[in-house]
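All figures in this text were calculated on a predicted structure; none of them were measured in a lab.
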Amino acid sequence: MNFRDLHRPGDPLLLPNAWDYGSAAVLAAHGFAAIGTTSLGVAAAYGKPDGAGATKAETIELVEAVKDLGIMVTVDIEGGFSDDPAEVSDLVASLAALGAVGVNLEDGRPDGTLRPIELHQRIIEAAKGHGVFVNARTDTYWLKTGDDTLERVAAYGNADGIFVPGMSDLKEIAEVAAGTPLPLNVLYQRGGPTLDQLAEAGVARVSTGSLLYRAALGEAVATALAAQGEQAPPMPTYAEISALLPRPR
């Protein structure tokens, strides 16, 4: 079965996200058919800011490292690490040559705004034609921009899939799923809808995003503190990890 066929509305693909060779290898060893990468995990592993286009080389390096694990890999390339469609096309071609089966392309920008719709459409189009599944991510919920999610989803209909992280209301999720012919990807959130509930809402793919990386850091801190007889704080949030990273330059 190819990666595209794993996207089934009502029977979603659970896609765990890795940040280094070890995490990818462990997930592969536990039988997951496919994994994604997480930009936060990659950025933090290299001491760089997330979402700022700073980890292009590191992202390519990770894909090259895991290419022989025998697991399908889709790659978080933020906004493509460029606003130039030709540069994005070259990047996706390079990742495809390493065996990547998909890419995530987000419209969110480091300043909290969204990339203009027409530009993101061109970026999506540039990523196509290389044999990979192009997942168009809109950050209307993630960045709380107030932009119309359904407008963005409709505008990105030239992609292979749609990703709207940050949604947790099942009615809204079902509305977005019904409003696009493309498979809908949402982000799994602890305390949020279950996989079964998301399936009923018509979701085709559920990603863990930075959750596994943050859980790993949380367990590391908990183990270290337990050795001193201390209690661990809650698992760190995305914002808490991001705040520890260098600021974009």
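- The two residues P16 and T208 have their closest heavy-atom pair at CA-OG1, 3.4 Å.
- We find the CD-CG distance between E106 and L114 to be 10.5 Å, quoted to the nearest 0.5 Å.
- Here the CG atom belonging to L195 is positioned 11.0 Å from the CD atom belonging to E200, to the nearest 0.5 angstrom.
- Judged by distance alone, the side chains of D196 and T194 never bring a donor and an acceptor atom under 3.5 Å apart.
- When side chains are defined from C-beta on, I77 counts as touching L95, because their heavy atoms get closer than 4.5 Å.
- Under the 3.5 Å distance criterion, with hydrogens and angles disregarded, a donor-acceptor pair is assigned to the side chains of S210 and R214.
- No donor-acceptor distance shorter than 3.5 angstrom exists from the side chain of K48 to the backbone of E58, with no hydrogens or angles considered.
- Note: N2 CG to H7 NE2 = 10.0 Å, rounded to the nearest 0.5 Å.
- With hydrogens and angles ignored, the 3.5 Å screen pairs no side-chain donor or acceptor of R152 with any backbone N or O of D147.
- Distance alone, capped at 3.5 Å, is enough to place a donor-acceptor pair between the S94 side chain and the D90 backbone.
- Ring orientation note: the planes of Y213 and W19 are nearly perpendicular, at an angle over 60° on the 30°/60° scale.
- Checking D160, D76, T74, N185 one by one against N135, the side-chain hydrogen bond (donor to acceptor under 3.5 Å, both in side chains) holds for a single residue, N185.
- Side-chain atoms of D107 and T138 include a donor-acceptor pair closer than 3.5 Å.
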Residues 162-174, side-chain donor-acceptor partners within the protein, below 3.5 Å, at least two apart:
residue : atom : partner : partner atom : Å
D169    : OD1  : K171    : N            : 3.0
D169    : OD1  : E172    : N            : 2.9
E172    : OE1  : Y141    : OH           : 3.1

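- For residues 31-90, the set of pairs meeting the ring-ring contact (aromatic ring centres under 6.0 Å, His included) definition, not counting sequence neighbours, is empty.
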